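Okay, structure first, notes after.
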Amino acid sequence: MSKKIQATPPEKLTGIELTEIPTSAAGFKAITSVFKTINNEVGLLKGIGLLKNLNQKDGFDCPGCAWPDPDEKRAFLAEYCENGAKAIAEEASKNIVSPIFFETHSIQELSEMSDFELGKSGRITHPMYLAEGAEHYQKIEWKDAFELIGKELNALNFPDEAIFYTSGRTSNEAAFLYQLFVREFGTNNLPDCSNMCHESSGVALSETLGIGKGSVTLDDFNHADLVIVIGQNPGTNHPRMLTALHETKKNGGKIITINPLPEVGLMRYKDPQNPLKWVGSGESLTDIFLQVKINGDVALLKIILKLMKEQEELHPNSVFNYSFIQEKTAGFDDFLNDLDRYSIEELLPQTGISYEKIKEATQLIINNEKIIICWAMGLTQHKNAVDNIRELVNILLLKGSIGKKGAGTCPVRGHSNVQGDRTMGIWERPKKEFLDSLEKEFGFKTPRNHGYDVVDAIEAMHQKKASVFIGMGGNFISATPDTNYTATALQNCNLTVQISTKLNRSHLIHGKKALILPCLGRSEKDIQASGEQFVSVENSMGIVHQSKGHLEPCSKSLFSEAAIVAGIANATLKNSTTNWTNIISNYDFIRNKIEATIPGFEDYNKRIRQESGFYLPNNARENNFSTTKTGKANFSINKTSEIDLKENQFLMMTIRTHDQYNTTIYGLNDRYRGILNERRVIFMNKEDMKNLGLQKLDLVDLTSHFNGEERNAHQFLVIPYDIPKQCTATYYPETNVLVPFNSVADISNTPTSKTIIISIKKSIKCL
Ligand SMILES: Nc1nc2c(c(=O)[nH]1)N[C@H]1C(S)=C(S)[C@@H](COP(=O)(O)OP(=O)(O)OC[C@H]3O[C@@H](n4cnc5c(=O)[nH]c(N)nc54)[C@H](O)[C@@H]3O)O[C@H]1N2
Ligand SMILES: Nc1nc2c(c(=O)[nH]1)N[C@H]1C(S)=C(S)[C@@H](COP(=O)(O)OP(=O)(O)OC[C@H]3O[C@@H](n4cnc5c(=O)[nH]c(N)nc54)[C@H](O)[C@@H]3O)O[C@H]1N2
Ligand SMILES: [Mo]
């Protein structure tokens with residue numbers, strides 16, 4: 001009997017080293033880190049060529065994050081950041097995972113590798129097939145792979161028995177084709193990484209402002225009086241955003257940061273592209289830091305709102321923007337009345353912050369007119385995540401701080417084209433108008449019932465209601481919650497297919513049969529029948545622009561994502577209304593179809609050839625809220641956290657290190673938090689450690705508690721850290737095994753990856 005394949009990363013320690021926490025982010029260290037990574041992974045010459053093209057107007061879009069590029073000036077040495085450079089180095093890796101690699105390593109052996117080791121194995125070069133009961137993947141021809149998929153899909157009783165996942169790197173062109181194929185096949189089962197990411201933002205913003213996207217542009221940061229950064233760590237995850245924050249400061253604006261951790265990147269900053277600024281201690285960014293307890297945000301925001309109301313009552317017309325409120329909003333009176341149900345005394349302990357500090361921050365909000373609020377996963381992955389975001393909107397509405405220069409909402413997106421994929425129809429709950437438009441243009445009947453999102457897809461596979469899984473990018477097993485439960489779900493499938501660039505754990509946790517279909521990366525040339533192609537993407541601020549790779553592909557056997565979709569469609573759909581071979585021969589043909597079905601893409605093929613691309617329409621930016629149910633911007637009534645911790649229980653948030661891209665582990669360091677060469681750590685408050693009798697670097701096991709169920713993860717080193725009491729932090733994906741699949745946010749169904757109730761015990765195993 002073979003050993004059980006491990007779905008979770010191995011519980012092995014790698015040899016921790018602790019260092020001083022740096023006092024500022026970016027600067028020289030970031031530059032040296034770029035060149036070190038590029039040199040190790042790609043080779044210096046090819047690497048510098050790559051950096052030159054990154055985020056330039058005729059180059060390729062950085063796969064690192066969705067932060068926009070400046071419309072006009074683009075910096076010398078390219079618009080890149082340390083972590084963007086790591087992302088492309090990872091893709092342009094010298095190492096390859098060839099058929100021989102799979103011959104040498106069985107699935108069992110590969111599953112014993114860490115995620116870091118798996119990723120570092122390199123780029124996958126050929127389509128690979130794992131036959132039922134086999135222990136090794138073997139090479140398969142593209143044609144045979146497509147036929148196998150077609151056969152399995154057509155053997156299902158209902159199209160809804162197949163699941164089509166998407167990660168957020170897929171280009172507009174490939175995403176449009178993918179959803180088109182899936183809907184012609186007959187299902188809306190299009191879960192995506194967004195379900196685990198900014199779904200809560202999309203839900204809250206659509207309801208309150210009539211658009212699920214943010215309203216600000218990059219230029220707004222030059223004009224803002226105040227930027228609030230809440231639940232986000234841009235120093236690591238969106239480093240180019242620090243430049244925008246720096247601009248706000250230079251123009252006299254202020255910054256409030258709300259986070260359980262004093263993240264270095266938000267505190268002080270050295271411009272990595274200005275060597276004169278590399279010496280010294282850098283420039284300060286945050287003016288007021290509110291060190292909130294995990295999930296204490298609604299309580300904190302309610303205190304701020306109550307203080308605003310109090311000031312307004314004392315000095316009428318000094319705080320609220322009544323003309324905006326009267327003309328543009330609905331629900332103001334109910335919202336104000338609801339605030340009276342809470343007392344500051346009752347709210348304060350939930351925040352962990354002093355009343356004085358909150359008053360100081362409120363005064364900044366009161367005194368300023370143009371406010372931008374930025375947020376990310378620190379707000380979206382809680383039970384009351386939608387409430388978190390709606391409460392932010394309440395602040396902006398009171399101040400009339402939306403739909404004008406220097407003000408508005410800024411949900412900072414993760415994957416570089418996650419927003420574009422949604423625009424292209426990658427969504428399990430498509431709008432009627434979208435489906436009507438597809439039907440009109442393509443002449444097939446679209447499925448009308450909603451499909452599975454990520455959590456529903458896991459359950460459906462677990463209950464054997466779905467048996468084919470296709471992943472367009474991403475790493476489903478490691479990105480999703482409840483690793484062991486999800487592993488069983490995937491293993492229940494007849495066929496799992498992963499369209500990937502690099503090896504990851506989702507290739508090892510598979511259905512009865514499995515396929516790996518290797519695709520071109522962003523930085524590589526894409527040649528189709530009519531010649532070289534480019535693709536397009538949409539960034540976090542709704543700008544659609546080109547992306548064109550210049551490198552020779554790492555293998556001649558790679559297909560583009562669009563060509564893979566066409567191959568699957570040709571092998572699956574009989575009498576399709578689309579000529580799939582023709583449509584991928586020239587991506588202009590795909591863009592023509594996008595233009596014909598999706599609003600905002602008029603003259604797509606012409607405008608995408610403009611240097612900086614084009615902005616999509618955005619009603620909130622234009623101060624028009626007619627797209628909400630009331631036809632106005634809606635105030636909302638929101639819940640504070642309902643979590644009740646028992647004695648010796650803690651809240652755990654799962655966060656990213658400075659050396660990872662989601663489940664891709666670039667390295668084992670978290671430089672900005674003083675951790676080198678280890679990922680199995682738990683950050684704890686010193687007093688909590690004392691109460692549990694724990695010392696620095698003690699080895700502990702973690703148990704999560706949910707609805708009477710327990711889940712376990714072993715071998716974590718305790719790190720005393722500046723974090724509020726009863727709050728802890730660990731790295732994702734190592735602790736995903738502790739996140740219950742059915743612990744989700746209300747309405748958005750996003751896993752609550754930032755609020756896991758855990759207990760901590762000294763490990764019985766020794767170091
Ligand atoms: N280099 C790099 N870049 C990335 C990624 C990556 O992995 N690596 N991932 C990309 C993706 S897909 C995404 S979605 C983004 C993620 O970007 P972030 O959201 O910045 O990523 P996280 O590490 O999850 O950090 C969450 C932050 O929220 C704080 N936080 C946690 N809980 C709470 C809370 O209850 N309240 C408040 N106020 N704060 C809280 C944490 O302390 C942390 O600073 O980054 C994108 N960019
Ligand atoms: N506990 C916990 N869980 C989380 C989160 C958290 O904060 N805590 N964050 C959630 C969030 S915000 C997100 S977005 C998800 C991320 O979930 P995913 O998007 O599913 O995961 P990634 O790690 O980004 O996917 C990496 C894989 O994508 C493939 N890949 C890379 N580039 C390309 C490409 O160009 N094309 C194709 N086809 N494949 C490519 C590579 O094979 C690589 O191994 O994870 C979520 N899970
Ligand atoms: Mo994300």
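Just so you know, these numbers come straight off a predicted model, no measurement behind them. Counting convention: from 1, in listed order, for ligands and their atoms alike.
- Closest heavy-atom approach to atom 36 (N) of ligand 1 among the candidates N259, T755, D297: D297.
- Residue contacts with ligand 1 for V418 are absent, since no atom lies close enough (heavy atoms, distance under 4.0 Å).
- For ligand 1, the atoms sitting less than 4.0 Å from at least one non-hydrogen atom of C197 are 14 (S), numbered in the order shown with element in parentheses.
- Under the salt bridge (charged side-chain N to carboxylate O under 4.0 Å, His left out) test applied with E734, the options R679, R656, R680 reduce to a single match, R679.
- Nearest protein heavy-atom neighbour of atom 1 (N) of ligand 2: N736 OD1, 2.7 Å.
- Residue T663 holds the heavy atom nearest to atom 22 (P) of ligand 2 of all those in I756, T166, T750, T663.
- For ligand 1 and L261, the ligand atoms under 4.0 Å from any heavy atom of the residue are 42 (O).
- Using cut-offs of 30° and 60° for the angle between ring planes, the F146 and F559 rings count as tilted.
- The aromatic rings of Y672 and H658 sit tilted, their planes meeting at an angle between 30° and 60°.
- With hydrogens and angles left out, the side-chain atoms of S171 and Y587 include no donor and acceptor closer than 3.5 Å.
- The heavy atom nearest to atom 43 (C) of ligand 2, considering only T654, V737, N504, is found in N504.
- Proximity of E91 to ligand 2 is not established, as no heavy-atom distance is less than 4.0 Å.
- Residue contact check for ligand 2: Q498 places no non-hydrogen atom closer than 4.0 Å to it.
- Under a 3.5 Å cut-off, the side chain of Q660 and the backbone N or O of T657 do form a donor-acceptor pair.
- Contact detail for T496 and L490: the closest heavy-atom pair is CG2-O, 3.9 Å.
- A heavy-atom separation below 4.0 Å is found between M377 and ligand 2.
- The nearest heavy-atom contact from the protein to atom 42 (O) of ligand 2 is K502 O, 2.9 Å.
- Under the 3.5 Å distance criterion, with hydrogens and angles disregarded, no donor-acceptor pair is assigned to the side chains of T8 and T483.
- Using a 4.0 Å cut-off between a side-chain N of Lys or Arg and a carboxylate O of Asp or Glu, E90 and K502 qualify as a salt bridge.
- Heavy-atom contacts of I294 reach the following atoms of ligand 1: 35 (O) (cutoff under 4.0 Å).
- Nearest heavy atom pair, residue V264 against residue P22, reads CG2-O, 3.4 Å.
- For ligand 2, the atoms lying closer than 4.0 Å to a non-hydrogen atom of Y165 are 17 (O), 18 (P), 19 (O), 20 (O).
- Annotation for ligand 2: atoms under 4.0 Å from non-hydrogen atoms of E561 are 34 (C), 36 (N), 37 (C), 38 (N).
- Taking every heavy atom of I499 and a limit of under 4.0 angstrom, the matching atoms of ligand 2 come to 37 (C), 38 (N), 39 (N).
- If you check each of V412, N237, N662 against atom 9 (N) of ligand 1, the one with the closest non-hydrogen atom is N662.
- For atom 3 (N) of ligand 2, the closest non-hydrogen atom on the protein side is Y732 CD1, 3.2 Å.
- Interface of T236 with ligand 1, defined as ligand atoms under 4.0 Å from a residue heavy atom, comprises 1 (N), 2 (C), 3 (N).
- Counting atoms of ligand 2 from 1 in the listed order, those under 4.0 Å from a heavy atom of S753 are 1 (N), 2 (C), 3 (N), 8 (N).
- Aromatic ring centres of Y661 and H415: separated by under 6.0 Å.
- Heavy-atom contacts of N295 reach the following atoms of ligand 1: 34 (C), 35 (O) (cutoff under 4.0 Å).
- Atoms of ligand 1 found under 4.0 Å from any heavy atom of H238 (numbered from 1 in listed order, with element): 15 (C), 17 (O), 45 (O), 46 (C).
- Atom 28 (O) of ligand 2 has as its closest protein heavy atom G474 N, 3.1 Å.
- Side-chain atoms of S500 and H507 include a donor-acceptor pair closer than 3.5 Å.
- No donor-acceptor pair under 3.5 Å is formed between the side chain of T663 and the backbone N or O of A479.
- Salt-bridge annotation for K639 and D746: present, with a side-chain N of the basic residue lying under 4.0 Å from a carboxylate O of the acidic one.
- Nearest protein heavy-atom neighbour of atom 21 (O) of ligand 2: N475 N, 3.7 Å.
- Counting heavy atoms closer than 4.0 Å to ligand 1, residue R413 contributes nothing at all.
- Heavy atoms only, all atoms of each residue included: S506 and N475 are closest at OG-OD1, 2.6 Å.
- For atom 20 (O) of ligand 1, the choice among I258, I230, N388, N233 with the nearest heavy atom turns out to be N233.
- The existence of a salt bridge linking R422 and D192 is confirmed by a sub-4.0 Å separation between a basic side-chain nitrogen and an acidic carboxylate oxygen.
- Considering only non-hydrogen atoms, atom 35 (O) of ligand 2 lies nearest to R169 out of E199, R169, H507, E90.
- Atom 47 (N) of ligand 2 has its closest protein heavy atom at A479 O, 2.6 Å.
- The closest heavy-atom contact to atom 41 (C) of ligand 2, among the options D192, T501, V739, comes from T501.
- Near G473, meaning under 4.0 Å from one of its heavy atoms, ligand 2 places the atoms 37 (C), 38 (N), 39 (N).
- Close contacts of ligand 1 with H415, meaning ligand atoms under 4.0 Å from a residue heavy atom, involve 12 (S).
- The minimum heavy-atom distance linking C374 with Q232 is given by the pair CB-OE1, 3.7 Å.
- Listed by atom number, the atoms of ligand 2 under 4.0 Å from C193 heavy atoms are 14 (S), 19 (O).
- E173 and S536 share a side-chain donor-acceptor pair at under 3.5 Å.
- By the criterion of a heavy-atom distance under 4.0 Å, the side chain of H382, and not its backbone, is placed next to ligand 1.
- Set against the non-hydrogen atoms of C519, the atoms of ligand 2 under 4.0 Å away are 36 (N), 37 (C), 38 (N).
- Among all non-hydrogen protein atoms, the one lying nearest atom 19 (O) of ligand 2 is S167 OG, 2.6 Å.
- When each of T640, N295, D297, N638 is paired with N384, the side-chain hydrogen bond (donor to acceptor under 3.5 Å, both in side chains) condition holds for N295 and for no other.
- Using a cut-off of 4.0 Å between Lys/Arg side-chain N and Asp/Glu carboxylate O, E263 and R673 are scored as salt-bridged.
- Under 3.5 Å, the side chains of T501 and R169 contain no donor-acceptor pair of N or O atoms.
- Under a 4.0 Å criterion applied to the non-hydrogen atoms of E263, ligand 1 contributes the atoms 42 (O), 43 (C), 44 (O).
- Of all the listed residues (R656, Q232, M653), M653 holds the heavy atom that lies closest to atom 31 (C) of ligand 1.
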